[in-house]
Amino acid sequence: MCQKTIKKTIQCSGIGLHKGRKVRLVLRPAAEDTGIVFALHGEDGVRFHRPSADAVVETTMATTLGFGGQRLATVEHLLAAVRGLEIDNLYVEVEGDEVPIMDGSSASFIFLLRAAGFRRQNKPRRLLTLKQPIDFQQDGKWIKARPSRRLTVDYTINFNHPMVGIQKFYVECNPESFTRHVAKARTFGFMREVEYLRRNGLALGGSLDNAVVLDEYGVINPEGLRYPDEFVRHKVLDFIGDLFVLGMPMTGDFEVYCSGHALNNAFVRYIMEHQADYLEVDVCGEVPVPAEVVLPSLSDVPIVSKAWN
Ligand code: ZN
C-alpha cells in the first residue's frame, strides 16, 4: 500500500476552544516521507515542527503541543481525521495557537480533506507496529495493546451519570469506518465543569455549537445526540488522534478502559521511551524491517516561504 497526501491546498477558519479567538487552518499536500508537519505562524514567520510524544505539553481538556515558545492546542480531532483517512503526508499550517474547534468532532476536517481530494504517492506506507503486547495501567484505568497489522480500538467508559454510565464501542479503523462511525462524535462536558472553566478563563470558545453539554439529568443541547453512544465514540476519536501525535500511523489491537488525554499521552511516551522493546517500522508491501524506529528527520522537509496566502 502506498503513501497518501491530499491533492490540493484547502483552508478553513473557526474559533479556538480555549481562548475563543478566530484562527485559520490551512492543509497542504506534502511530498513522500514528509509525515505530518505543523507550520505555525509566529512573529518571525512560519516555523515547522514535527509532532511527537514529547511535544505534548498539556492534556487538560485537550491535547496541546509545545515547540519552544510556540504552542498549539486541541490538535487531537484534526489528527484523528488525518489518521482516520490514512493520510501519511500533510502540512498543517495554523495562524493562531489553537486548531479551530469547529463542531467539536472530526467531521469538518473529514469534509475539508475529502474536498481537497487524495493523491496516491509512489513510496510504500510506513506503519509503527508493536513487537509484543503491552498492558499500561494507571489509577484503575488502562490501555492494553496487542500486535496487529490493523488498528482496532475496543473502548469502555464508565461515568456516573444517567445519560452516560457504562458505554462500549469497538471499531476497526479505516477511512470508511472512521468517517461513518467515529468522525461525527462530539466532545462533551458537564455543566458544573463549564461554569468552573469559564470562571478560570478557559473554554471561552466553548458552546452548544461545539460540545455536548450535560446537566445532572441529561443532554441540554436542543438537537440531542448524534449517536446514542456518542460519548464513548468521541473517546475513541480522541484516542486515535492522541496516538497519532507520533506523526506516523501506529497499528495494534487496543483495549482501552476509561482513558483520557493524559493517559493516552503517558502510554505513547512510555512506548517511545522503550521503543527498542515495543516498536518496529513495518513498510507496507515490503519485507518488514526489524530496525529501531527512526522517524523522518525535519531536515528532509522543504522549507516553504512565509508568503503563503
Ligand atoms: Zn476530543
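No hydrogens, no waters, no symmetry mates; every other heavy atom, side chains included, goes into these values. Remember, it's a predicted structure, so these values are computed and weren't measured experimentally.
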With sequence neighbours excluded, tell me which residues meet salt bridge (Lys or Arg N to Asp or Glu O under 4.0 Å) with [X].
X    : value
D88  : R125
R114 : none
E172 : R150
D209 : none

Under 3.5 Å, which donor-acceptor pairs link side chains of residues 258-268 to any protein atom two or more places apart or in another chain?
| from | atom 1 | to | atom 2 | distance (Å) |
| --- | --- | --- | --- | --- |
| S259 | OG | N264 | OD1 | 2.7 |
| H261 | ND1 | T63 | OG1 | 3.2 |
| H261 | ND1 | D242 | OD2 | 2.7 |
| H261 | NE2 | E76 | OE2 | 3.4 |
| N264 | ND2 | D242 | OD2 | 2.9 |
| N264 | ND2 | G260 | O | 3.3 |
| N265 | OD1 | R269 | NE | 2.8 |
| N265 | ND2 | A53 | O | 3.3 |

Under the side chain to side chain donor-acceptor pair (under 3.5 Å) test, residues paired with T152 that sit two or more places apart: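 Counting only residues at least two positions away or on another chain, T152 forms a side chain to side chain donor-acceptor pair (under 3.5 Å) with D253.
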Hydrophobic cluster partners of Y227 (side-chain heavy atoms under 4.5 Å): none
Which other residues belong to the hydrophobic cluster containing I220, where Ile, Leu, Val, Met, Phe, Trp and Tyr are joined when side-chain heavy atoms lie under 4.5 Å apart, directly or via other members?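 I220 shares its hydrophobic cluster with M191, V194, L208, V213.
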What pairs of donor and acceptor atoms, side-chain ones from residues 162-170 against any protein atom, are under 3.5 angstrom apart with sequence neighbours left out?
| from | atom 1 | to | atom 2 | distance (Å) |
| --- | --- | --- | --- | --- |
| Q167 | OE1 | V232 | N | 3.2 |
| K168 | NZ | T156 | OG1 | 3.2 |

What side chain to side chain donor-acceptor pair (under 3.5 Å) pairs are there with at least one residue in residues 185-203, not counting sequence neighbours?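 Non-adjacent pairs meeting side chain to side chain donor-acceptor pair (under 3.5 Å): R186-E223, R186-E230.
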Pairwise ring-ring contact (aromatic ring centres under 6.0 Å, His included) hits with a residue in residues 137-156, at least two apart: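 Matches after skipping sequence neighbours: W142-Y257.
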Between F239 and F254, what is the ring plane arrangement, given parallel below 30°, perpendicular above 60°, and tilted in between? perpendicular
Once salt bridge (charged side-chain N to carboxylate O under 4.0 Å, His left out) is applied, what residue pairs with a partner in residues 2-23 remain, sequence neighbours excluded?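 Sorted pair list: K19-D97.
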